[in-house]
> 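This is the structure, below, for whatever I ask next.
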Amino acid sequence: MNITEIYKLYSKNYLVDTDTRKIRENTLFFALKGDNFNGNKFASEAIKKGASFAIIDEEEYHNNKTTILVKNVLETLQDLARYHRKQLKATIIALTGSNGKTTTKELINVVLSKKYNTKATKGNLNNHIGVPLTLLSFTPDEEMGIVEMGANHQKEIEFLCSIANPDYGYITNFGKAHLEGFGGVEGVIKGKSELYNYLIKNNKTAFINSDDELQVQKTNNCNTIHFNSSIKLIDASPFVKLSFNSNIITTNLIGSYNYNNIAVAITIGNYFKVLDVDIQSAIEKYTPTNNRSQIINKESNYIILDAYNANPSSMKVALENFARLESKFKTVILGDMFELGSSAEIEHQYIVDLADSFNFENTFYVGENFHKTTTKNKKLISFSELEDFIKKNPLENQKILIKGSRGMGLERILNFID
Ligand code: ATP
Ligand code: MG
């Protein structure tokens, strides 16, 4: 069966699923393979649970009634998304960058939803599977689509652009994340810039922050829309407050690094003619989820939980921001940053030197990478060591910043802090 035929089946309901635990009626089930599972084995279960067809790539699971045998299920999913995108009338905005993609995506989503039928990437579905799934979740009814694109190596963004065909693009920043796969910071800049290259080649448009030299430099040959120049940061202690076109916006977002994320959402809202009052109310209502910079008020401590992810650039801004908070009694608990390859040692030491320089009342470093650094502060090799330590030495009346890579699971420490 070719893509046009599969598209006919898909476009009856515009539903695709890849997980039999969350399958929907009349969906097309794509039997993807992972390191630890083979979707082909679940094809018959998918049909029992209501899928209309299962797309598979192993002959032994094939029957002529409910399965469609293709060469490669993943490639078929990507081809179907590419084909579907070409039929869509929605304006697509693509986002990439080292930090702040999901936050920015959510902000643009709430703003544009005030005026348009808008759909965005769900959660963090931003890779070679997530981007196709995102596009396939769009129906002919949507007017605006926002697609988050993640990458940890070269050519990935170029490939995702070939599927999503964005009309507009924005790169949040060129930071120190996934240094291992990209080959250093220069590699990150090159890899992320694939979005600009795509926009240039196809005569599309980038949103840019004129204060960011790299954004300006890399979009030299691109159509650009600059941030609304009236947007000014007023305060970030800890919640960001800003003004634009004589409106004051008070947000639930922590840290001045969120300024750019909010500014681009306002700029895009302005550009697509969403009313200022609607932009304001959408942003004021937005609250981040998923351990992305949440405030947790415990009985005795005030916690900024930022344990969703961490890399040298987001760690640096989080620390600088925390240092600006008013309080003598501050504690930071930092967990290892992953995926740094040969830069791991230097980058962990850099963060230790920065954090030490603030002389917080308590500074704890958790994980094997931090354990190798030189510091005057406390090092704990694992989460369980941290847990034991905090149980024996309870924190009281502190403002606490918790940040580390997802895999460190630092949010678990909340169970041991009152
Ligand atoms: P992922 O790579 O996991 O998809 P992401 O790019 O989608 O991450 P978010 O989930 O929006 O990023 O934010 C993750 C963390 O990055 C935040 O909790 C915050 O610490 C930091 N962060 C957010 N925005 C910025 C920014 N503009 N610059 C630097 N750090 C940021
Ligand atoms: Mg994300």
Side-chain angles (χ1 to χ4, degrees), residues 94-110 120-131 134 146-153 156-157 160 170-182 185 188 191-192 195 207-209 211-212 214-215 227 231 233 236 238-240 242 251-265 267 286-296 303-322 332-335 337-340 351 401-408 410-411:
L95 297 174
T96 189
S98 305
N99 313 100
K101 297 178 291 296
T102 298
T103 312
T104 305
K105 180 253 309 178
E106 291 297 332
L107 287 165
I108 300 171
N109 187 22
V110 292
T121 298
K122 261 206 205 131
N124 207 30
L125 280 177
N126 65 15
N127 64 7
H128 61 294
I129 298 170
V131 168
T134 300
I146 306 148
V147 180
E148 173 173 339
M149 295 180 176
N152 53 22
H153 56 82
E156 211 170 351
I157 297 296
L160 298 177
Y170 175 65
I171 299 180
T172 57
N173 68 347
F174 301 94
K176 292 179 179 175
H178 304 294
L179 291 180
E180 189 170 17
F182 274 119
V185 179
V188 171
K192 301 288 174 191
L195 174 58
F207 290 96
I208 63 163
N209 174 2
D211 292 335
D212 186 320
L214 264 175
Q215 291 193 16
F227 277 16
I231 306 169
L233 182 67
F239 293 107
V240 177
L242 35 74
T251 74
N252 297 307
L253 290 155
I254 298 160
S256 53
Y257 54 84
N258 269 305
Y259 167 82
N260 284 351
N261 307 345
I262 302 164
V264 72
T267 303
Y286 175 71
T287 311
T289 50
N290 243 349
N291 306 333
R292 274 188 196 83
S293 315
Q294 290 173 306
I295 295 279
I296 296 161
I303 301 167
I304 298 179
L305 178 65
D306 195 348
Y308 171 72
N309 69 8
N311 47 55
S313 30
S314 69
M315 204 70 131
K316 176 171 181 280
V317 287
L319 279 167
E320 288 168 345
N321 202 68
F322 187 65
V332 297
I333 303 178
L334 303 182
M337 305 174 285
F338 296 163
E339 284 190 67
L340 293 174
I351 292 297
L401 170 70
I402 303 176
K403 187 163 178 72
S405 274
R406 184 85 285 273
M408 293 298 294
L410 281 191
E411 69 282 356

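Atoms within each ligand, like the ligands themselves, are counted from 1 in listed order.
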> Output yes if N126 passes the N/O/S-under-2.8 Å test against the Mg ion (ligand 2); output no otherwise.
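Within the cut-off used here (under 2.8 Å), N126 places no N, O or S atom near the Mg ion (ligand 2).
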
> Within ligand 1, which atoms have a heavy atom of E148 less than 4.0 Å away?
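Taking each heavy atom of E148 in turn, ligand 1 has 4 (O), 7 (O) under 4.0 Å.
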
> Testing the 3.5 Å rule here: is there a donor-acceptor pair between the side chains of Y308 and S405?
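No, no side-chain donor-acceptor pair sits under 3.5 Å.
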
> Using only atom types and a distance under 3.5 Å, with no angle test, would you say the side chain of Q215 pairs donor to acceptor with the backbone of D212?
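Not a single qualifying donor-acceptor pair exists.
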
> Check whether the side chains of N99 and N311 place a donor and an acceptor atom closer than 3.5 Å, and report yes or no.
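Short answer, yes.
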
> Can you see whether T102 engages N124 through a side-chain donor-acceptor pair at a distance of less than 3.5 angstrom?
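There is such a pair between these side chains.
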
> Distance from Y286 atom OH to N109 atom CG, nearest 0.5 Å?
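One gets 9.5 Å once the value is rounded to the nearest 0.5 Å.
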
> If I take atom NZ from residue K101 and atom CG from residue N126, how far apart are they, to the nearest 0.5 angstrom?
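The NZ atom of K101 sits 6.0 Å away from the CG atom of N126.
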
> Of all the atoms in ligand 1, which lie at a distance below 4.0 Å from a heavy atom belonging to Y308?
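Answer, ordered by atom number: 3 (O), 10 (O).
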
> Before signing off on this row, confirm whether T102 and ligand 1 have an N or O atom pair separated by under 3.5 Å.
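Yes, there is a polar N/O contact under 3.5 Å.
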
> Specify which N/O/S atom of E148 comes nearest to the Mg ion (ligand 2), by atom name.
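Looking at E148, the N, O or S atom with the least distance to the Mg ion (ligand 2) is OE2.
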
> Can you name the atoms of ligand 1, numbered from 1 with element, that are less than 4.0 Å from a heavy atom of N173?
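So the atoms of ligand 1 that pass are 28 (N), 29 (C).
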
> Should M149 and L160 count as side-chain neighbours, where that means a heavy-atom distance under 4.5 Å?
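With C-beta onward as the side chain, the pair touches.
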
> Atom CG of N321 and atom NZ of K316: how far apart are they, to the nearest 0.5 Å?
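Here the rounded value is 12.0 Å.
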
> Is any N, O or S atom of N309 under 2.8 Å away from the Mg ion (ligand 2)?
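N309 does not place any N, O or S atom closer than 2.8 Å to the Mg ion (ligand 2).
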
> Would you call R406-E411 a salt bridge at under 4.0 Å N-O?
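Yes, charged N to carboxylate O under 4.0 Å.
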
> For ligand 1, which atoms have a heavy atom of S314 less than 4.0 angstrom away?
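Ligand 1 atoms under the 4.0 Å threshold to S314: 16 (O), 21 (C), 30 (N).
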
> Which residue in the set T103, T104, N209 passes side chain to side chain donor-acceptor pair (under 3.5 Å) when paired with N260?
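The single option meeting the side chain to side chain donor-acceptor pair (under 3.5 Å) with N260 is N209.
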
> With a 4.0 Å cut-off on heavy atoms, is S293 touching ligand 1?
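Judged by the 4.0 Å heavy-atom criterion, S293 does count as contacting ligand 1.
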
> Considering only heavy atoms of V317, which atoms of ligand 1 have at least one such atom less than 4.0 Å away?
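Taking each heavy atom of V317 in turn, ligand 1 has 29 (C), 30 (N) under 4.0 Å.
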
> Do you know which of I254, I262, N261 makes side-chain contact (heavy atoms from CB on, under 4.5 Å) with V240?
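Looking at I254, I262, N261, the match for V240 under the side-chain contact (heavy atoms from CB on, under 4.5 Å) is I262.
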
> If we only consider heavy atoms of N126, is any one of them less than 4.0 Å away from an atom in ligand 1?
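So N126 counts as touching ligand 1.
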
> Determine, using heavy atoms of N261 and all atoms of ligand 1, whether some pair is separated by less than 4.0 Å.
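Yes, N261 has a heavy atom closer than 4.0 Å to ligand 1.
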
> Mind checking whether N124 contacts ligand 1 via backbone (N, CA, C, O), side chain (CB onward), both or neither, at a 4.0 Å heavy-atom cut-off?
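For N124, only side-chain atoms sit under 4.0 Å from ligand 1.
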
> Under 4.0 Å, counting heavy atoms only: does K403 come that close to any atom of ligand 1?
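Distance cut 4.0 Å: K403 passes for ligand 1.
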
> Within a distance under 4.0 Å of any heavy atom of T103, pick out the atoms of ligand 1 and give their elements.
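In order of number, 9 (P), 11 (O), 13 (O).
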
> Heavy atom to atom 16 (O) of ligand 1, shortest distance: which of N309, D306, I254 holds it?
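Of the listed residues, N309 has the closest heavy atom.
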
> Does any N/O atom on G100 come nearer than 3.5 Å to any N/O atom on ligand 1?
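Looking only at distances, the answer is yes, because the N/O contact criterion of under 3.5 Å is met.
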
